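Fair warning: this is a prediction, and the values are worked out from it, not measured in the lab.
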Amino acid sequence: MALTGRLGLLAGLGAIVVIFVPSWWAMLAVEAVLLLGVLADLALAGNVRRLRFHRSGDTNVRLGETAAVTLTVENLGGRRVKARVRDAWPPSAAAEPRSADLRIPPGERRRVEIALTPTRRGDREAVTVTVRSTGPLGLAARQLSRPVPWRVRVLPAFPSRRHLPARLARLRELTGRHTALIRGQGTEFDSLREYVDGDDVRSIDWRATARRGDVVVRTWRPERDRRIYLVLDTGRTAAGRVGDIPRLDCSMDAALLLGALASRAGDRVDLLAYDRRVRARVEGVSRTDLLTSMVQAMAPLEPELIESDAAGMVSTLMARVRQRCLVVLLTELNTAAIEEGLLPLLPQLTSRHLLLIAAVSDPRVSEMAASRGDLAAVYDAAAAERARAERRRLTAELRTYGVEVVDAPPDEIAPALADAYLALKAAGRL
């Protein structure tokens with residue numbers, strides 16, 4: 001049961017009457033009238049307990065897009081129900097409309113179309129549906145709240161997919177399948193063909209030349225069926241925001257672009273999210289299902305406000321990956337975390353695998369380093385320049401261990417990581 005504002009207004013008017021006619025009989029008369037009005041409304045209001053609720057619609061949506069969920073209200077009673085229905089979702093789901101007025105004849109059903117435009121990744125679950133059927137006098141209403149479960153998984157936005165066509169064109173150039181003035185590069189033998197002007201004489205196959213009686217050269221292509229292992233650091237450094245975007249979301253975007261590119265190149269791609277334990281894992285997935293599996297695994301990930309366990313991460317990698325592969329670690333170039341955690345373990349990791357560290361830099365630091373407006377700006381510039389120098393020193397130290405480092409701002413980290421992968425593939429280092 002719920003009481004309306006109209007009842008409160010009438011109670012206020014009744015209090016004025018009692019003030020001018022101060023007696024117990026006047027007070028009892030006012031209360032009796034109000035009570036009879038409430039009872040009449042409750043008796044004549046539609047029976048909300050005979051309503052049944054059903055849901056249908058989208059279960060997945062990409063961040064920034066809109067999902068449609070339908071709430072169906074069915075009246076199993078024998079009386080028409082005039083009610084206001086409120087569908088409660090978390091604020092981050094941005095559900096519209098929040099409520100709707102329905103008239104449901106007996107034995108019929110009505111639908112409410114709800115549009116969700118989530119502002120955060122992860123699972124967004126419906127809370128409850130509250131229905132209120134007000135009586136004809138508008139003094140009281142029958143009210144009922146019931147859980148009607150539904151979950152919409154909000155997938156990563158993947159804005160860097162616009163860079164994929166250009167990187168695929170470069171990949172086709174590397175494999176020699178693109179109409180260009182360069183030939184396929186790499187270290188894996190592809191086929192034999194006749195020599196033409198401009199070919200490298202070192203590619204001549206002398207045995208085949210002797211057999212055919214004509215000059216024949218070998219053609220090469222980048223290695224295929226190599227393994228790429230993407231590791232997302234979900235520790236405390238991933239929670240930092242660069243502009244309006246968490247570092248973890250930038251890392252996810254870069255991992256998706258690299259995964260899409262590597263799978264098109266014929267390589268096997270696996271994913272691991274780790275801080276002090278495994279948060280998500282994608283392994284042994286076919287190339288056609290790779291992106292779907294990756295976004296489903298990434299969607300519910302949130303940074304954990306704990307220091308990542310570098311030793312546990314390396315031991316997990318070494319246990320699961322026996323053969324040589326390219327390990328791409330998407331983390332932050334935090335001096336303390338790298339030097340105390342990862343740096344002592346690098347010889348063990350780089351002795352078996354090729355390691356590439358990708359980190360998101362803050363463009364605000366570069367802006368501060370260039371500012372000279374007043375005394376405070378000069379101090380800010382000095383602090384920013386010191387941070388940049390420390391980052392360069394750490395990058396140089398990592399490269400002495402044979403580690404490749406990609407350090408770029410949020411809007412450039414994904415294409416920069418894809419370019420680094422293509423460079424390694426063209427050089428035959430995978």
Sorted by chain and number, sequence neighbours left out, side-chain hydrogen bond (donor to acceptor under 3.5 Å, both in side chains) with E304 holds for none
Q: Check whether any side-chain heavy atom of R110 sits under 4.5 Å from a side-chain heavy atom of V85, and report yes or no.
A: no
**OP:** Determine whether more than 12 heavy atoms belonging to other residues, nucleotides or ligands lie under 6.0 Å from atom CZ of R111.
**Re:** no
Taking atom CZ of R386 as the centre, does the number of heavy atoms from other residues, nucleotides or ligands within less than 6.0 Å exceed 12?
no
Taking every heavy atom of M313 against every heavy atom of L329, the minimum-distance pair comes out as SD-CD1, 3.7 Å
R103 CZ: over 12 foreign heavy atoms closer than 6.0 Å
no
Are R146 and L51 side-chain neighbours, meaning at least one heavy-atom pair lies under 4.5 Å?
-> no
Heavy atoms of A95 and L116 approach each other most closely as CB-CD2, 3.3 Å
Assess whether atom CZ of R393 is packed by more than 12 heavy atoms of other residues, nucleotides or ligands within 6.0 Å. yes
*asked:* Please check if the number of heavy atoms outside R49 that lie under 6.0 Å from its CZ is greater than 12.
replied: no
task = Report yes if the side chains of V129 and L144 come closer than 4.5 Å at any heavy-atom pair, otherwise no.
result = no
Y421 vs I228 side-chain heavy atoms within contact, under 4.5 Å:
yes
Here the pair of heavy atoms bringing R241 nearest to P246 is NH1-CG, 3.6 Å
* Asked: Is the closest side-chain heavy-atom distance between H54 and V148 below 4.5 Å?
  -> no
Across all chains, not counting sequence neighbours, the side-chain hydrogen bond (donor to acceptor under 3.5 Å, both in side chains) partners of D309 are none
Sorted by chain and number, sequence neighbours left out, side-chain hydrogen bond (donor to acceptor under 3.5 Å, both in side chains) with N60 holds for Q296
_Run the side chain to side chain donor-acceptor pair (under 3.5 Å) test on T292 and D289 for me, step by step, so that the C-alpha distance in whole Å, both residues' side-chain angles and the decisive distance to 0.1 Å come before the verdict._
CA-CA 5 Å; T292 302; D289 298 331; 5.6 Å; no
Is the shortest heavy-atom distance from the side chain of T134 to the side chain of R84 under 4.5 Å?
no
In short, salt bridge (charged side-chain N to carboxylate O under 4.0 Å, His left out) pairs touching residues 340-353 with sequence neighbours left out are none
With distance as the sole test, does R121 use its side chain to make a donor-acceptor pair with the main-chain N or O of L301 at under 3.5 Å? yes
- Short question: side chain of S160, backbone of D253 - any donor-acceptor pair under 3.5 Å? yes
Checklist line | Exam field: side chain R50 to backbone N47, donor-acceptor pair closer than 3.5 Å | finding: no
_Are M298 and L232 packed together at the side-chain level, in the sense that at least one heavy-atom pair is separated by less than 4.5 angstrom?_
yes
Would you mind reporting whether P363 and P410 have side-chain heavy atoms less than 4.5 Å apart? yes
Closest non-hydrogen contact found for W150 with D58 is NE1-O, 3.1 Å
| request: Answer yes or no: does atom OH of Y379 have more than 12 heavy-atom neighbours from other residues, nucleotides or ligands under 6.0 Å? | output: no
So the salt bridge (charged side-chain N to carboxylate O under 4.0 Å, His left out) pairs with at least one residue in residues 366-376 (sequence neighbours excluded) are R364-E367
Between A157 and R62, the two heavy atoms sitting closest are O-CD, 3.1 Å
Output for pair (L330 CG, T234 OG1), nearest 0.5 Å, gives 12.0 Å
query = Do we see a donor-acceptor contact under 3.5 Å between the side chains of T66 and T117?
reply = yes
* Salt-bridge test for E173 and R170: reply yes if a basic N is under 4.0 Å from a carboxylate O, no otherwise. => no
Under 3.5 Å donor-acceptor, R55 side chain and V69 backbone
no
Return yes if a side-chain donor-acceptor contact under 3.5 Å exists between T237 and R247, otherwise no. no
(message) Run the side chain to side chain contact (heavy atoms under 4.5 Å, CB included) test on V131 and L102 for me, step by step, so that the C-alpha distance in whole Å, both residues' side-chain angles and the decisive distance to 0.1 Å come before the verdict.
(response) CA-CA 10 Å; V131 58; L102 300 179; over 6 Å; no
Closest heavy-atom pair, S315 versus G312, reported as atoms and distance to 0.1 Å, is OG-O, 2.9 Å
Residues passing the side-chain hydrogen bond (donor to acceptor under 3.5 Å, both in side chains) test with D233, sequence neighbours excluded, are S308, T331
Salt bridge (Lys or Arg N to Asp or Glu O under 4.0 Å) with D267: of R226, K425, R227, only one passes, and it is K425
- Message: Can you confirm whether more than 12 heavy atoms, excluding those of D101, are under 6.0 Å from its CG atom?
- Response: yes
